[in-house]
Structure formats: C-alpha cells, structure tokens
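Working notes, structure below.
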2 protein chains.
Amino acid sequence: MNTPLDKVDWALLDALQEDARLSYNELSRRVHVSAPTVAQRVRRLEAAGVIQGYHARVDPTAAGRPVIALVRMKCYGARCITVHPELLADCPEVMEVVRLTGDICSVVKVAAPTIRALEQLLERLSRYGETSSAMVLSTPIDWRPVAPPTE
Amino acid sequence: MNTPLDKVDWALLDALQEDARLSYNELSRRVHVSAPTVAQRVRRLEAAGVIQGYHARVDPTAAGRPVIALVRMKCYGARCITVHPELLADCPEVMEVVRLTGDICSVVKVAAPTIRALEQLLERLSRYGETSSAMVLSTPIDWRPVAPPTE
DNA sequence: GATGAAAATCGCCATCG
DNA sequence: CGATGGCGATTTTCATC
C-alpha cells in the first residue's frame, strides 16, 4: 500500500523521531489531531514499514565500548558478508553493515570495548575479505531525523 | 559520575534499545525490579548520558529518501566539516558525520530524495573538501543494540 | 531497593459529524 | 475518514518501611 505520507504523518514522524516515548495523547496535542486518529496513523506507519522500530540511543563510550571504527571490506566473491550478514550474528561489536557500489564491497561500523577486541574482530573479518580500517575520532553529527523530501 | 553499569542497568538498556516505548511498569516486569527503582535507574542513565535519546527508526526509502550514499571527505584545512558541523545544519540529507583517522577526514552518510538532490549536495560538500562517494545498495545490518562489554 | 495506595494519565470502544 | 465522550485499565509517583 503506497499512499504517500501527508502532513499529519510527517508531524508524527518528526515527533516520534525526536522522542519515541511520547504517548498518543501527547502526540495528539502536538500534532493537533485527535488521539484515536494518532493511534491509527502511527499503527499504519508501523505496518507500512515506515517506522521500523523505537530504540533508545546509547552512547557506546559511556557504555564501555569506546573503540569505534569503520572497516572497509573487499570481500572474496561468494563469502561476501553483505550477502551473508548472519556470519556476523555473534559479533556484538558490529553495529552496522552497508553494501556499496564501487570497489569497496561494504563498510562495517564497529564498537569495541578495547583495541584488543577490535584487533580480534579485524582478524575475524579478514577471513571474508580484505579489510581496511580507520578509527572514529569523534562523531560531529551522530544522528539526524529523516526529514520530509521537499519537492 | 562514573559508577559502572550493573546487571540491572544493562537489562534496562537492552530492553529500551529493543523497544523504547516500554512503560516503566512493563520494564519492571521484564527486569524483575520494582517500578520506582526502574524509573530511578532510567533517569540516572539519561542524566549520565548513557541514554542519549529515544528515537523512532524511519526507513528512508519508505519515507521518500531512497538515495543513500556514503561520502568520503578530504577537507581543506580549516574549513573541515568535522570541526564546523554547523555548516551542514541546513542539509537535511546529511544523516551522520564521523571523523576518522587516516587520510580520509570524515565520512558523511546521506539520504536524498533523488539522484539530482544527491548531486546538489555533493556540489555543496565539495566546497569544503575533496569528495568521493559511493551509493548504498543495501543495508544488510541496519542497526544493532550496544551490548555489554564482556570482559 | 521494595511496598502499597492515590492521583493522574492513558488507550480504546462506541457513537456521531 | 476524523472528532468526541466516557469508561476501565494502566501508569507514575509519593510516602513509608
């Protein structure tokens, strides 16, 4: 079902991206739409896959994983981790994997407790392809909400 | 205040990373700790900066921004966007900026509505440094919770 | 940190515009 | 398709142990 998102949908998405814990009543006040309508809209957005989940954002450093890195992968053909992400199911250090165009197969974002743990993960990743890693010094922009496409 | 996270803290972090909309009562049931204690713990985690926010995760493609890319930047000295992220305040396409060690200054994650919009953003970014971009074909691992560091 | 209760809030159903 | 009203259930918080 591909009915485009209207003004109310985007107001709800804005609010819930900013604070996922807002109640339907509170959303109703902010968006100036009745609470039952809010609940219906939000459930529709969830069912349509527009909203994929609600998550607390945890600071990896404060949580004991201060070693952040980006690992560029050039996988060996069929063992490409982008087609077998389940290979990394038991690697809690792996936060994100994106598959790319170009000579870099994928980029893996990693959050490890220690340099040593990062080293071990790189060894593991090197089974699947050539790795090239860079440490994350800081995150000037950590997170941004998805904004309505202005057309 | 740097008191390390205990078992209860991690149970709460796990639950709230998985579903940020759980009530304190529901958390109380899952973590087997009384509701007032849950509320107190969660507020402490928020105040300590361990929990940085609660966000709905929105699928950029479903929300009208299907053109995702990673842009590697080699900034021109002082104009480096990692030290002046406010230069990108009015670029809703920019989702994330990480500063890196190595010859790549930073990587910028972008979600644009169209190829044309991506092109325009690249023009803008090229004012600050050399850009090298790769399209995101897919995201085999989109998101992972921060897990307790096993030591 | 647990308990218990009180006040406020929330979510949902049926109904109506 | 959205708004209103009201009910019951849930939640949050306070004081106390």
Side-chain angles (χ1 to χ4, degrees), chain A residues 1-59 62-64 145-151, chain B residues 1-59 61-65 145-151:
Chain A
M1 197 192 70
N2 234 351
T3 148
L5 306 178
D6 66 11
K7 189 79 181 157
V8 173
D9 290 322
W10 273 110
L12 292 171
L13 289 176
D14 285 342
L16 284 172
Q17 284 184 98
E18 211 57 54
D19 183 356
R21 285 178 71 76
L22 294 173
S23 69
Y24 292 147
N25 276 343
E26 185 61 32
L27 288 170
S28 157
R29 283 173 216 122
R30 304 202 182 190
V31 178
H32 305 108
V33 171
S34 77
T37 301
V38 165
Q40 176 186 333
R41 291 294 194 113
V42 171
R43 290 195 188 102
R44 187 196 302 168
L45 291 168
E46 291 168 357
V50 179
I51 295 177
Q52 300 191 300
Y54 303 93
H55 308 288
R57 179 161 50 99
V58 170
D59 176 7
V146 177
T150 60
E151 337 200 14
Chain B
M1 194 193 71
N2 234 354
T3 150
L5 306 178
D6 68 10
K7 189 79 181 156
V8 173
D9 291 322
W10 273 110
L12 292 171
L13 289 176
D14 285 342
L16 284 172
Q17 285 184 97
E18 211 58 53
D19 183 357
R21 286 178 70 76
L22 293 173
S23 70
Y24 292 146
N25 270 348
E26 185 60 31
L27 288 170
S28 157
R29 282 173 219 124
R30 304 201 182 190
V31 179
H32 305 109
V33 171
S34 76
T37 301
V38 165
Q40 176 185 335
R41 291 294 194 112
V42 171
R43 290 197 187 99
R44 187 194 304 168
L45 290 169
E46 291 167 356
V50 179
I51 295 178
Q52 301 191 300
Y54 304 93
H55 308 288
R57 180 161 50 99
V58 170
D59 176 7
T61 299
R65 294 182 170 271
V146 177
T150 61
E151 337 198 13

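Computed over heavy atoms, backbone and side chain alike; hydrogens, waters and symmetry mates excluded. Remember, it's a predicted structure, so these values are computed and weren't measured experimentally.
Contact check, B:Arg41 against C:dG1: a side-chain N or O comes under 4.0 Å of OP1 or OP2. For A:Gln40, a side-chain nitrogen or oxygen approaches OP1 or OP2 of D:dG2 to under 4.0 Å.
A search for side chain to side chain donor-acceptor pair (under 3.5 Å) contacts involving B:Thr61 returns nothing, not counting sequence neighbours. Partners of A:Ser28 according to the side chain to side chain donor-acceptor pair (under 3.5 Å) rule, which considers only residues two or more places apart in sequence or in another chain, do not exist here. Here B:Asp14 pairs with B:Trp10, B:Gln17, B:Pro148 under the side-chain contact (heavy atoms from CB on, under 4.5 Å) rule; sequence neighbours left out. In this structure, the side-chain contact (heavy atoms from CB on, under 4.5 Å) partners of B:Arg29, at least two apart in sequence or on a different chain, are B:Asn25, B:Glu26. Evaluation of the side-chain contact (heavy atoms from CB on, under 4.5 Å) rule for A:Asp9 yields A:Leu5, A:Asp6, A:Arg41, A:Leu45 as partners, not counting sequence neighbours. The side-chain contact (heavy atoms from CB on, under 4.5 Å) search around A:Ala20 returns A:Tyr54, B:Ala20, B:Tyr54, not counting sequence neighbours. The side chain to side chain donor-acceptor pair (under 3.5 Å) search around B:Gln52 returns A:Arg57, not counting sequence neighbours.
Fit an axis to the five pairs at each end of the helix from C:dG1-D:dC17 to C:dG17-D:dC1 and the two axes sit 40° apart, to the nearest 10 degrees.
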Original post:
What string of B, S and - do you get for nucleotides 3-17 of chain D, 5' to 3', when a contact is any protein heavy atom under 4.0 Å?
Top reply: BB------BBBB---
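Between A:Leu27 atom CG and C:dT9 atom C1' there is a gap of 14 Å when expressed in whole angstrom units.
Residues B:Leu12 and B:Val31 are in side-chain contact: their nearest non-hydrogen atoms beyond the backbone lie under 4.5 Å apart.
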